[in-house]
Each structure stands twice: as structure tokens, then as C-alpha cells.
*Asks:* 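Structure below; questions to follow.
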Protein chains: 2
Amino acid sequence: MKINKSIYSLALAAPFALFQSVYAGQRPNIVFFLVDDFGWTESSLSFGEETYPNNLRFKTPNMERLSQKGTMMTNAYACPVSTPTRASLMTGMNPAHMKITSFISLYKDVVPDAIGGHPGATNENFGDIFAHPEWNYNAFCPVSLEPQRETYGLNHTLYATPMVEILRDAGYHTIHVGKAHWGPAGTPGSNPYNMGFVVNIAGSSNGHPKSYLPEDNFGNLPGKGDYGSVQNMSQYYGTDVHLTEAMTREALKTLENPIRQKIPFYLYFSHYSNHTPIQRDKRYIQPYLDAGMDEGQARYASMVEGMDKSLGDVLDFLETKGVADNTIIIFYSDNGGHSVGNEKGGEPHTQNLPLREGKGSVYEGGIRVPMLFCWPGKVSAGTRINTPVSTEDMFPTILEMAGVKKYETVQKRDGRSLVKLIQKGSRYVAKAQKRGEITNQREANAIVIPEAISDIDPERGIIFHFPHQLRFEDQDDIDFMSAIRKGDWKLVYRMHTAELELYNLREDIGERNNMAVQYPEIVKEMAKELGTRLRGWDAPMPTVRATGQKVPMPDEL
Amino acid sequence: MKINKSIYSLALAAPFALFQSVYAGQRPNIVFFLVDDFGWTESSLSFGEETYPNNLRFKTPNMERLSQKGTMMTNAYACPVSTPTRASLMTGMNPAHMKITSFISLYKDVVPDAIGGHPGATNENFGDIFAHPEWNYNAFCPVSLEPQRETYGLNHTLYATPMVEILRDAGYHTIHVGKAHWGPAGTPGSNPYNMGFVVNIAGSSNGHPKSYLPEDNFGNLPGKGDYGSVQNMSQYYGTDVHLTEAMTREALKTLENPIRQKIPFYLYFSHYSNHTPIQRDKRYIQPYLDAGMDEGQARYASMVEGMDKSLGDVLDFLETKGVADNTIIIFYSDNGGHSVGNEKGGEPHTQNLPLREGKGSVYEGGIRVPMLFCWPGKVSAGTRINTPVSTEDMFPTILEMAGVKKYETVQKRDGRSLVKLIQKGSRYVAKAQKRGEITNQREANAIVIPEAISDIDPERGIIFHFPHQLRFEDQDDIDFMSAIRKGDWKLVYRMHTAELELYNLREDIGERNNMAVQYPEIVKEMAKELGTRLRGWDAPMPTVRATGQKVPMPDEL
């Protein structure tokens, strides 16, 4: 029997060797799997030092599977809201530098801050003590379309070179599926074809779908449509195929052609899920209801599981097609989980526990996101990397992985390539594992990869800036805040009260214990770096209504 | 000065030579430029023996320009309505064979005949003496999606191999821009990505746009949307860019990438124009109003000029990019001009004069369409080809031009390749021109290219079949008719009255002089061929309400 078995193994090995040789030396495919409003704790995979209650509420076997094939980034950051993250991915700039610091409206020239974007809200009747800053509320336009500025009458816009355009020009087959949200309707940024994508499915100015449900035609019922109606999905109207499933099927179909033609592809698979509206995925909801979750929680959990099933389908497809070994997968979320209101169940402001607050906030609940990095043969599988990384790092990372060495952008970029960190860093961690130094999550998360190895200073400052009000109603832990993280330390600037808070994230991930009084020197140093960086970018700052003066920088208090 | 000039010419010639060598031996690009509801006489280019009054009303300089670069097909036919033509282009089958004999509804399982598709119309209250036939009112689905039949609950559908899928698999970069209309919403056929297109802009189940106007957001104003709202165009909302112009800009952008990468492309540029709603193109309307046209006529003429400008932009772009010499352009319309009602001005049932009737009819006004064929270096420029050609011929023609020699389809195809006709045929005509035998349109249109040269029998029978009622109101020269053209002769079968009419198109292009009584033998012979072909395809036939019997075939009267 033993002999038979080894012959069988040999037979299996042969086609694998064939794939290896076909793809040897070929540029890798890249799948950027982006989930919307997906919190750091909202999966069955814990990115923290322990298993949190949330990790027991969700079922995401394919995230677990991916984590075993690659490395987990346990200190990955995004911006507090969607558009800044998405624009930063495209430009390699920090949102404060782009002056794209909040989500955009669906409509051109409409400021989506509480003041301009809410029905009946004006500068006069708006109760907040601050007026909103000047910022690029028409978001981002590819610089190649600047000559048509006149046609669009476009102001309050960042003109920049999109990363995907560089990838496409380097020979990548660039595919957009899902949420785009780079510019309002009426601007070139609303169209993914302008961003360098060769294929676009369902991407528009739309920031969330009017409906995930095929019986609603994804928001396209006659007379009920708006800018949130999902496009390019008409074949699924009236079927029983949920939007997440429909997008997955379409995404996989778009891969057939580049795989057949052996053209490297970049798939930006940007799920609308798990953004509001929180609607049940009927395939998965029953067990969550049976487990006693409230309706909102169960709905949300069913959406999360549907998204995870999509990830599994992508992994299966790549394996079946024999290209998994040459395909990089980056799993990421555009900001923290939603925590304002209770549409997704649970108590408001608690849904990301142990992290404080959620989407919109510069507290960890709003900005720390689940991130996975799978690069077969280059990244040590089953590892955890603790170094803080940020959205603006993706631009140089993706281009380096794609082998694009020389490129120019009109914008000055802020990010750092993570290639050494994930390659050498994951190997560094793997060695420590082999030596038996890592036996649990706490030990894994405690490892600091030295800059000499990773090329990333683990103490570098990462900046978050939200000089806006998230909703018409004041949200105390969300509105008008900035922050900087450096190593274990985090400084939070609350503009409303002109307060600076200091937290030690290693000891206090929930940001409950403000240590500003104990460590005035650290506060001063970090406030100076935050202020200097924001000033250097000429970052948007609100004005105080009473005085007409700009809110001071954190080092000017 | 002379010397300087020749040096200058030399400098210009060098880059041209470079392009030549780069593209030598490369497969040609193909642009299929399809206009909607565009009548045979509705341009400043006459396809007939003389200049008709209509030719003086329209301004289409770029059609004239293209006619000088290629050959005019003066006897080109399409089906009486849109979906059958579009499906036939994809399958190479005659509509009667496909059982797709009318236009489809936007909605799955909704029969768009007068009986099922009009509000309040039922089999009971519908006044016509015929009940509609069984036909494939869910139109066309790619055979590759047949395994998912269950998901879509799909009946009354033709499963076939799409031509574009074959092109894509042969390495063509296949681009869809504009009107698709291959299947109703809720069916796979509604999605151009299922047809083999790699890129899709604005294609859906949609058969005509809710609006061409950017101030209407092309039908996407919140709360006003329906399945006629145009997709993928949000960047132009609220600008002053007409839909025809917007689609042109997007179409040209999609060509940049395959040109750069030297991948041959197939651009199916399917304008929504000139379908209803007839809306002004403000760039062009004033001169037509000044010339005394009524409002509807002026609107329509401005739409036609806008479409022609789009054609010019395509030609300019291909020349600027240096690929014009390697790009085939086919200009075609999906059926004759609209002639029911007066939305586009003029008197109903006269807008295609001298041709009888219009869209929906098997009289020449409904089926004879303007067609131009430009193939640099292969087709003798400035020629006219008189041989009748039909929609189902496009399938083998395009694949042969693309160099795709071996392919299989699940469907049995009906068309013939036109490659020899346009290559050798146009050379045959060009020689006659050189010999001074052709001095005017009448002489050009009289030339018959022998089958020995063209591989196409100029006397072959071409079949038209419309066993439907176009609108709720009875239209005498449109509803429930079939026809066959053979050489100069055309037999028309009027099912309502069980009459057979015979016309000699060479002498009587307006089909005014029924010669059935004079030539009973020709009537008998053509009725037999029409009946035999329809029976062989098991073509849909209406039933007589009074008896429940099928309407007899033309040779069974």
C-alpha cells in the first residue's frame, strides 16, 4: 500500500510542476479584496492578543484559511471613513495631504458634511461650534483629465496619477468589481474606466447599494432608483442571487480571459458588503437567529458570512485554474465597523469592543482593520506581523510586487513599500515560531520586527485626521478629531474641547486610560509631530464659528 | 523651398513607415458601428440610384467620408426590428430560425407583443384576429450558461454560441459600448460580459435610453429611473455632454489600452441614437430649424448629425493613433427608420420615401439599411456593391476577417461570408469604373457581381419574418407579414388578408406596383421557397383566433 500511495503522490505532483514552469518568471496576479465597513474584531479570526466575544459571534472560515496561507497584519490601519481610504489607495497619499478627509456625496458640488449634506442644514441653523473646513469634497480626478476641467466645472478636486493607471500601462489587465466611490456623479472620478481600469462591473459614484436583494433589483425597481442603484447587474434581477454572490460570479468570469491569455491581472474586488443597509443574506441567517442574536446582529453576521463565502470562492477559483501559486491576495477593510446607531444590532458605540468606537472615529474602532497578506512562496505562511501599516503604503507595495520599478506621479506620495516587511518580516517571525518563542497570540503580537529587516520603522508616526462631523447629530467620540500613532503610543486630539489624550495601546487597546497627565513630554513630542505633519500638508481644519479663526493645530494649544 | 519641402515630407513619412512595419501581418482591428432605427435614406449619402429628398435634409459628412474610403452596400438588409438583428449578428442565424422574431421586453417572461406587453392588453380584450405565436421572447442566452438554467428559470430562450465569445477566445480584446438588448433583465443575455465581451459600457437589457440628455442624467434622476436608465455614464451627469458624445468619448478611451499593447480589438459600438425618444442635440439643431423643418424633423436631424460626428471622431482617432490602416469599419443599422407616428416629424408612414413604410415592416422601408464597409488595402475604395446581403452574413464575415478559421457553434448557422464579395467584388466594380462603364449612381447600382467572383449568388433568397403586431393599434403595412427577396424580385406575404404581393425592386423600389397577377409562376416559386425555409426552421406562426389553427404558410394558401 505504501508504494501505491507514493506513486499516487507523484501523479499529483506532475501537473503542479507543470503550472510551476508555466508561471515561472511571470509577473504575479494581484487580488485586492476590499470589504466595506468591516471591523477588526468582526470575524472568527482574532487579530488581537486574545479571542474577543465578537470573534465567537461571526463565522469566517475562509479568512481563517487565508490567514494560514499568508500573514496577518495585526496593526493595519485605514482612514476613519471610506472615500479617504479609497483615494489614498489610488494616490499613495495621506487623506490630510489629499484634502480628502471625509466621504463624498453622490452629487457633485454637494458637501456631505452635516452642514451641507443634510436636508435643511445650513451654516446658519447648524448647531455645531465649528464650521466645516475647505476640503476636496469633489474628491479625486485622474490628472490625465485635467484638460477637461472646464467641461465638468470641477473645483474642490485633487488631480493625481492613479496607481491602477500605472499598473495598466505596465501591462496588467486591471479589473474593477464593486464599489468605486472615487468621485461624485458628474465628475470623471465617478467612472472607474478613468482610473486605469480596463474592466468595470458595478462601480460608480455609489458609496453603498440601495439594496443587496435581487427581489429589489439591487435598487433598480422602476421609479425607485437613485444614485445608489447598483449598475451592471441586471441579469440577476428577480433571481435569488444576493448581490455579494452575484458580484463574485461576475468577478470570477472577468478572470477567465486574462488567465487564458496569460496576461497578469489586478482584480480590485471591492465588496459593497458590509455597508448599510444591513439586509439578511438568507443563505446564512438562520443559525445566527437560532443562536439568539437580535435581528440586526443576525442580519449583519449573515452578510459577513456571505462576504467570507465570496473570499472562499475566489480562493477555490484560483486553485482550480492553477494560478493560486502566482496570485497575491490582499484582504483589507476601508475603515472600522459601523458603531453609530443599531441597524446592525447590538448597543451603539460598543460593536467593536474591545476597541473604542467605530467608523468615523480616530479611536481604534474606527481605523484598525483586519488585513491579510498572501503571497505564495514569498511570505511565510501562518505568521503575524505586528508593525503598524497604513493605507498610503499600499500604492508603492502593489507596484513593487507587480515589478513596476519606474513610474512618475504628479502627486508627492506619503506611503512606504511593505514588501520587505511582509517578506523578510514574516520570515523573521516564522523563525521565532520555529525556535518555539511564539506559542500564543499574545506572544505573536508582541514581536517587533526591527527596521533593519523590514525597512519600516516600527515607531514611525501614522496620521489620522477627521476634521468633520459624521452625522447631523453630534457624536462625541467621533466628530472633529485627529490622531497619531507611534509605536505603542497614540495621541488623540479632540478639537471640540481642545484636549490631547495619550494611550498606550500595548497595555490599553481599548483607549480607556488617558495617560496624558503622566507623560507630558510624550504628549508634547507627539503633538509636535502631528501638528508639523498636518501643517506641512496644509491639512483642512475647521473654523470656530464664534471667532472665524481656524481651530489650532495640536501643538498650538 | 522645394528641397526643404521634400525633406519635410521625408520626415513625415518615417513614422508612418514605422507604423506600417509594426502592424504588418497583425490581425486587423474591427469596429462594428451600429446605428439604431436608422433608415436607408436618412443621410446625405444616397444609397439609391438617385438623390432622394431625404438626402437633402440630413447632414452626414463622415458617412460620405467613410464611403470614399470603402465600399457602399446598397442592398444591405436587417430585420424589421431590433432584437432579431442583434441576436442574428451574434448567432449567424435568421430570426425565424432563432424564433426571435420581435423585440424583447425589458422584463423577463413578459411578452412584448401587443397582447402581452401593453398595459391592459390581454388575449381576451385584444381585438386582432390573430393570437401571437410561440416565440423566444426571453431571446438569447449564451450556451455556456445553460447549466444555470435553473437559477434563472429560463424558458422561451435560444441557447447559442455568441460570435464575440469566439473572437475573444481567439485573442481579440472585445469591447461593448452602447445598446446591448440581447436579453431581458433577469436573464444572462442582458449582460454583455456573458456574450464574450471583455469590456462593457452602458449595455444592459435596455432597448432605448430613457433620455439622451445629461441634464436628465440619461434617465437616472432619483425616483425617475427605470430599466431604460443608461448605466456607466455617471461622470457626465449634469454636464452639457449629449449621450452620443459621451459614449463616443468612452468608446475611444477603451481603445487606448489594446492599441498600446498591440492586441487586436473588436469594438461593437452600438449607438442608442437614433431610437426614440427623439431629443434635440443642441450642438446641431439650429440650422435645421432655420431651414424650416418642423420641430420633430429638426430634432431627428440633429441626432443623426451627432451620430455622424461620432463616426468622424472614431475615424480621426484611428488615424491619429496610426491604426486606421489596420482597422476594418463596418457601418450598419439594426432596422429601417421609424415611420409609425410623428415623433421624429414629417407624416407618418412616409419618412422613408421612396421606400415603403419603416421599422417593423417587411417592406423595404423597414429592412433596407445603410451599410458601409471599409477595409484598407483589401476593399476598393469609393465603390458600390449591389448584391443583397443580410444580417446573418455578418457572423462568418467578421470571423473570417479576424482570421479565425476553425470554430464550432451549437447552432446551425444560416449566413454566408461576404469576404470575397467585398474584396473581389469591389475590385470587379472598381475595374468597371476605370473602364468608364460607371458614370453615375444608377449605373453603379445596376452592376451585378457574378457568383463566380463573389461566392454569393445574387439571386439567393433572403427571408424576413414578422409574425407579430408592432403596436397595440393595428398597423396595416406592418403587422403579421413575411417576405422573401430574390434578385430583383420581392414577394410579400400579408397574413391578415392571406395575400401575396410581388414587386420588381429594380423598377419599383417603392413597392407600389403589385405584379402578382402578371407573374403567377414567380409568385408560386417564391412562395414555395419562403414556405419551405420557414417550415424548415419551424418558424413561429400566429394562430387564427376564430379557429385556433395556425396561419398557413405562404405556399399553403
*Asks:* Quick one: which of B:Val241, B:Asn217, B:Ile263 has the most heavy-atom pairs under 4.5 Å with chain A, could you say?
*Replies:* B:Asn217
*Asks:* If you define the side chain from C-beta out and look only at heavy atoms, does anything of A:Tyr227 sit under 4.5 Å from B:Ser234?
*Replies:* no
*Asks:* Report all side-chain donor-acceptor pairs from residues 164-172 of chain B shorter than 3.5 Å, counting only partners two or more places apart or in another chain.
*Replies:*
| residue | atom | partner | partner atom | Å |
| --- | --- | --- | --- | --- |
| B:Asp169 | OD1 | A:Arg260 | NH1 | 3.0 |
| B:Asp169 | OD1 | A:Arg260 | NH2 | 3.4 |
| B:Tyr172 | OH | B:Pro28 | O | 2.6 |

*Asks:* Between A:Glu250 and chain B, which part of the residue has a heavy atom less than 4.5 Å away: side chain, backbone, both or neither?
*Replies:* side chain
*Asks:* Can a donor-acceptor pair be found, under 3.5 Å and without considering hydrogens, that links the side chain of B:Gln231 to the backbone of A:Gln231?
*Replies:* no
*Asks:* Identify which of A:Asn206, A:Leu221, A:Ile201 forms the greatest number of heavy-atom pairs closer than 4.5 Å to chain B.
*Replies:* A:Ile201
*Asks:* Do B:Tyr107 and A:Tyr237 have ring centroids that are under 6.0 Å from one another?
*Replies:* no
*Asks:* With under 30° as parallel and over 60° as perpendicular, where do the rings of B:His173 and A:His173 fit, or are they tilted in between?
*Replies:* perpendicular
*Asks:* At a heavy-atom distance under 4.5 Å, which candidate from A:Asn200, A:Leu106, A:Asp240, A:Thr254 has the highest pair count against chain B?
*Replies:* A:Asn200
*Asks:* Quick one: do B:Lys224 and A:Lys224 satisfy side chain to side chain contact (heavy atoms under 4.5 Å, CB included)? Show the steps, please.
*Replies:* CA-CA 7 Å; B:Lys224 302 213 171 171; A:Lys224 302 215 170 168; over 6 Å; no
*Asks:* Which of the residues B:Glu256, B:Lys108, B:Gln235, B:Lys253 is involved in the greatest number of heavy-atom pairs with chain A at under 4.5 angstrom?
*Replies:* B:Gln235
*Asks:* Enumerate by number any residue of residues 186-196 of chain A whose heavy atoms lie under 4.5 Å from heavy atoms of chain B; in the absence of such residues, state 'none'.
*Replies:* A:Gly186, A:Thr187, A:Pro188, A:Ser190, A:Asn191, A:Tyr193, A:Asn194
*Asks:* Chain B heavy atoms under 4.5 Å from A:Gln261: which part of the residue, side chain, backbone, both or neither?
*Replies:* side chain
*Asks:* Could you tell me which portion of A:Glu150 (side chain, backbone, both or neither) has an atom closer than 4.5 angstrom to a non-hydrogen atom of chain B?
*Replies:* neither
*Asks:* Heavy-atom pairs under 4.5 Å with chain A - which of B:Val198, B:Thr239, B:Asn220 has more of them than the others?
*Replies:* B:Val198
